[in-house]
K.L.:
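Handing you a structure now.
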Amino acid sequence: MKNKIGFNFLFAILAFPVGMALARDYYLENNSFKNPGLGVIYLVAFVGLVFWTLKKKAIRNR
């Protein structure tokens with residue numbers, strides 16, 4: 001079996017608005033979030049969606 005990096009389009013579509021919300025909620029001046037609890041949830045969701053977008057797929061040789 002070979003491992004191939006896949007690209008899941010559904011998770012990429014879901015990661016875009018979560019990433020935009022994360023960027024909108026973040027203050028660059030003082031390196032903090034407007035709402036820290038919501039910022040952590042956005043960050044965990046964004047990292048998970050990026051992970052599932054680029055997850056390796058096992059391909060069987062026939």
K.L.:
Considering only heavy atoms from C-beta outward, does the side chain of Val47 approach that of Phe51 to under 4.5 Å?
P.N.:
no

K.L.:
Looking at CH2 of Trp52 and CG of Asn8, how far apart are the two atoms once the value is rounded to the nearest 0.5 Å?
P.N.:
11.0 Å

K.L.:
Testing the basics here: between Asp25 and Leu38, what is the closest heavy-atom pair and its distance to 0.1 Å?
P.N.:
OD2-C, 4.5 Å

K.L.:
Where do Leu14 and Pro17 come nearest, in terms of heavy atoms and distance?
P.N.:
O-CD, 3.4 Å

K.L.:
Show your working on side-chain contact (heavy atoms from CB on, under 4.5 Å) between Leu22 and Phe33 and close with a plain yes or no.
P.N.:
CA-CA 9 Å; Leu22 181 66; Phe33 291 106; 3.6 Å; yes

K.L.:
Taking the side chain as C-beta and beyond, is there a heavy-atom pair between Val50 and Phe11 under 4.5 Å?
P.N.:
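Heavy-atom side-chain distance check fails, nothing below 4.5 Å.
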
K.L.:
Partners of Phe16 by ring-ring contact (aromatic ring centres under 6.0 Å, His included), sequence neighbours excluded?
P.N.:
none

K.L.:
side-chain contact (heavy atoms from CB on, under 4.5 Å) with Ile41: which residues, sequence neighbours excluded?
P.N.:
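Once residues adjacent in sequence are excluded, Ile41 has no partner under the side-chain contact (heavy atoms from CB on, under 4.5 Å) criterion.
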
K.L.:
Does any non-hydrogen side-chain atom of Leu28 lie less than 4.5 Å from one of Tyr26?
P.N.:
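Yes, side chains in contact.
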
K.L.:
Supply the atom-to-atom distance Leu54 CG to Leu49 CG, rounded to the nearest 0.5 angstrom.
P.N.:
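One finds 11.0 Å between CG of Leu54 and CG of Leu49.
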
